[in-house]
Amino acid sequence: MAETNFAPEEEKQSLNFIEAIVEKDLAEGKNNGKIQTRFPPEPNGYLHIGHAKAICIDFGIAQKHGGICNLRFDDTNPIKEDVEYVDSIKEDIQWLGFQWGNEYYASDYFQELWDFAVALIKNGKAYIDEQSAEEIAKQKGTPTQAGTDSPFRNRPVEESLALFEKMNTGEIPEGAMVLRAKIDMASSNMHFRDPIIYRVIKHPHHRTGTTWKAYPMYDFAHGESDYFEGVTHSICTLEFVVHRPLYDWFIDELKKIRPQDGEYRPRQYEFNRLSLTYTVMSKRKLLQLVQEGLVNGWDDPRMPTLCGYRRRGYTSDSIRNFVKRIGYTKFDGIIDVALLEHSIREDLNVKAPRVSAVIDPVKLIITNYPEGQVEMMEAINNPEDESMGSHEIEFTKELYIEREDFMEDAPKKYFRLTPGQEVRLKNAYIVLCTGCKKNAAGEIEEIYATYDPMTRSGMPDSNRKVTGTLHWVSAEHSIPAEVRLYDRLFLAENPSEEKDKDFRELLNPDSLQILTNCRVEKELSKAKPLDSFQFQRLGYFNVDPDSKDGKLIFNRTVPLKDTWSKIKNKE
RNA sequence: UGUCCCAUGGUGUAGUGGUAGCACAUCUGAUUUUGGUUCAGCCAGCCUAGGUUCGAGUCCUGGUGGGACAACCA
């Protein structure tokens, strides 16, 4: 390559707004020039692809600037939480390719939060309210109407202190009293109208057991936890924008009683949540699908959970690339699921070996091929990557081909088998279709063809131009398999305005189709769980972990782009 | 009758006040031992009205439209 006097243009990669803020803060020496983030899931469900977006920015931005990102479980509500979720969350983060610095729990700070709450009470900035949830809600007012003060708002500090103590001993029933911060019942921000910061929960906590009976609310735990840990940039989704003033309020109060070095101060930044067309993303609804048995668990390949995508054959690379493509903004949009599909095809195209499988078999008999003869044909594993080598596949007189690859009366543009037309059998011979046999019901039972011995792959005559190429397997040597086809649409339509409509009514009834009579080439008996393959034109498939000796199950990760069906539909 | 956030092709995103770019989707053509892949190309955009400025997608103001906020959830 000729040398030039010009340095190669440094690739300009635009920063998203969060990266821009971080770089500016770092340049200005804020927080002593440090960056620290956290990924703060509540362990009440499995991670989904929306979390992947958060994970990529939380971990990615710390990594990029030499900081650390901690994993912090926001476990302040024992009723909904469980260690099952803790374990799955850790597994999924690692699968995505990230490693946290420290593993923290909001429950680690229960004592410190308690002390902070006590300090607030002593400063006259918190009080025990003994009203019912309904009364408190009523007094809160509406977004357009100021709230009214609780009759307990100005009770003596000593009284609140004593009652707060009791909230944690077990003698106060759930719901009988709460601790509220005393801020401003007329604030235009609803979260400032004396927010509840502690409530009584008697359900044992998955980590602290029955030590505590009073638990802090999210707003009273999140910012404080960030402050305790030294988080500099607390990145979350847009619905927390309205919480930010409260986040700041608590940290300001906390700073007064627990000053830290320098100018350190955590700040919250919010980005747009991921929503995907035809996809259920809410944790609540996903839990409902699992609990009602509408799917086969959190890792059902139709689920948008990370374990679901993993089981379906999505790679973590493809998900990270997808996240990179969609970006981070403050605009509430909806991403076309086609973009996700493009990301996985792009990745699997390079990684997945091409193998032969017939999912809807019909017999093709090569009438002029010698009975009992077996030829080993070479099959290139991946034309995109020579280093992946090749394997062999048995060719015999009786084969299976795809039922849709034969038509007795074919339209002009049909490139496949039809009487009188020649096609290439992939990696093997060119064959000429001579006819078929039908049963009484008119269904095709067998298809007949003759082969041209001079057209075996690699031979001189094999260059002859034919209309199409078909995949096939030997009837005798192929092995049975089950194939699960997932429709690209989990929902038949996008969830929208009609929020009241039960989303279960939107579930696509054809989201899963199980084919049990499939035949795959023998080579696949060596495949291991989660291995991915391209079944030629049928798409990308992976081995389901439920496959047991003798029973192979494949999930279709994603079909190939299908231009044939477009042509077909036009006619 | 509130506060806050947002508005760039069909979708999602870039754009120090100076030629609006990228990806996906769609469509067209070339290549192809799978109608895939790869390559080339087409179509298509700054919500609106004012203001500031030599110059506005960018700054200001008013509209319009969308979203968030009234859990003892996070």
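Just so it is clear, the structure is predicted and the values come from calculations on it, not from any experiment. In what follows, every chain begins at residue 1, and chains take the letters A, B, ... in the order their sequences are listed.
With sequence neighbours excluded, the residues forming a ring-ring contact (aromatic ring centres under 6.0 Å, His included) with A/Phe535 are A/Phe541, A/Phe554, listed by chain and number. Under the side chain to side chain donor-acceptor pair (under 3.5 Å) criterion, A/Lys213 pairs with no residue at all, not counting sequence neighbours. Under the salt bridge (charged side-chain N to carboxylate O under 4.0 Å, His left out) criterion, A/Glu239 pairs with A/Arg273, sequence neighbours left out. Partners of A/Tyr314 by side chain to side chain donor-acceptor pair (under 3.5 Å), not counting sequence neighbours: none found. Residues passing the salt bridge (charged side-chain N to carboxylate O under 4.0 Å, His left out) test with A/Asp219, sequence neighbours excluded: none. The side chain to side chain contact (heavy atoms under 4.5 Å, CB included) search around A/Val86 returns A/Pro43, A/Phe73, A/Lys90, A/Tyr105, A/His206, not counting sequence neighbours. Scored by the salt bridge (charged side-chain N to carboxylate O under 4.0 Å, His left out) test, A/Lys24 finds A/Glu28 as partners (sequence neighbours excluded).
In this structure, A/Thr76 and A/Ala106 approach most closely via the heavy-atom pair CG2-CB, 4.0 Å. Nearest approach of A/Thr418 to A/Met407, heavy atoms of both residues: OG1-O, 2.7 Å.
In this structure, A/Gly45 reaches neither bases nor backbone, as no heavy-atom distance under 4.0 Å exists between it and the strands shown. Across all strands shown, A/His471 has heavy atoms under 4.0 Å from base atoms, whether or not it also approaches the sugar-phosphate. In this structure, A/Lys561 reaches the sugar-phosphate backbone alone: every heavy-atom distance under 4.0 Å involves primed, P, OP1 or OP2 atoms, never a base. Residue contacts shown for A/Phe535 are absent, as no nucleic acid heavy atom lies under 4.0 Å away. If you check every strand for non-hydrogen atoms under 4.0 Å, A/Arg416 touches a base.
Using cut-offs of 30° and 60° for the angle between ring planes, the A/Tyr215 and A/Phe110 rings count as perpendicular. Ring geometry, A/Phe250 versus A/Phe116: the interplanar angle exceeds 60°, so the pair is classed perpendicular (tilted spans 30 to 60°).
Minimum atom distance to the side chain of A/Arg354 is reached by B/G36, of the listed B/G36, B/C24, B/C5. Side-chain proximity of A/Ile567 to B/G35, B/U33, B/C4: nearest is B/G35.
Within the structure, every pair that satisfies the salt bridge (charged side-chain N to carboxylate O under 4.0 Å, His left out) test and touches residues 320-332 of chain A, not counting sequence neighbours, is listed here: A/Glu270-A/Lys330, A/Asp317-A/Arg320, A/Arg325-A/Glu346.
A distance of about 48 Å separates the C1' atoms of B/C39 and B/U52, rounded to the whole Å. A gap of 14 Å separates the C1' atoms of B/G9 and B/C42, to the nearest Å. The C1' atoms of B/C59 and B/G21 are separated by 22 Å, rounded to the nearest whole Å. On the P atoms, B/G55 is 11 Å away from B/G51, given to the nearest whole Å.
One atom, CD of A/Gln534, and another, P of B/U33, lie 15 Å apart when rounded to the nearest Å. Put simply, CG on A/Asn382 is 17 Å from P on B/G36, counting in whole angstrom units. Between the CZ atom of A/Phe271 and the C1' atom of B/G67 there is a distance of 16 Å, given to the nearest Å. One atom, CG of A/Leu538, and another, P of B/G35, lie 12 Å apart when rounded to the nearest Å. Rounded to a whole Å, the CG atom of A/Asn463 is 8 Å from the P atom of B/U33. Rounding to whole angstrom units, CG of residue A/Leu276 and P of B/C24 are separated by 17 Å. Atom CZ in A/Phe415 sits about 8 Å away from atom P in B/G35, given to the nearest Å. Rounded to a whole Å, the CH2 atom of A/Trp472 is 17 Å from the P atom of B/U33.
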- Message: If a pair means Watson-Crick or G-U wobble with both distances below 3.5 Å, what does RNA chain B look like in dot-bracket form, with | marking bases paired to a different strand?
- Response: .((((((..((((....[..))))..((((.......)))).....(((((..]....))))))))))).....
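Under a 4.0 Å N-O distance rule, the pair A/Arg464/A/Glu422 qualifies as a salt bridge.
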Provide a list of protein-nucleic acid N or O atom pairs under 3.5 angstrom, restricted to nucleotides 38-41 of chain B.
none

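Side-chain N/O atoms of A/Thr563 include one lying less than 4.0 angstrom from OP1 or OP2 on B/G36. The phosphate of B/C27 (OP1 or OP2) has a side-chain N or O of A/Lys566 nearer than 4.0 angstrom.
Looking only at distances, no side-chain donor or acceptor of A/Gln421 sits under 3.5 Å from a matching main-chain atom of A/Leu417.
Residues A/His391 and A/Glu378 have side chains that never bring a donor and an acceptor to within less than 3.5 angstrom of each other.
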- Note on the structure: Per-nt protein contacts along nucleotides 6-16 of chain B (heavy atom under 4.0 Å; B base, S backbone sugar-phosphate only, - none) come out as SS---SSSSS-
- Message: Across nucleotides 69-74 of chain B, 5' to 3', mark each nucleotide with B, S or - according to how protein heavy atoms within less than 4.0 Å reach it.
- Response: BB-BBB
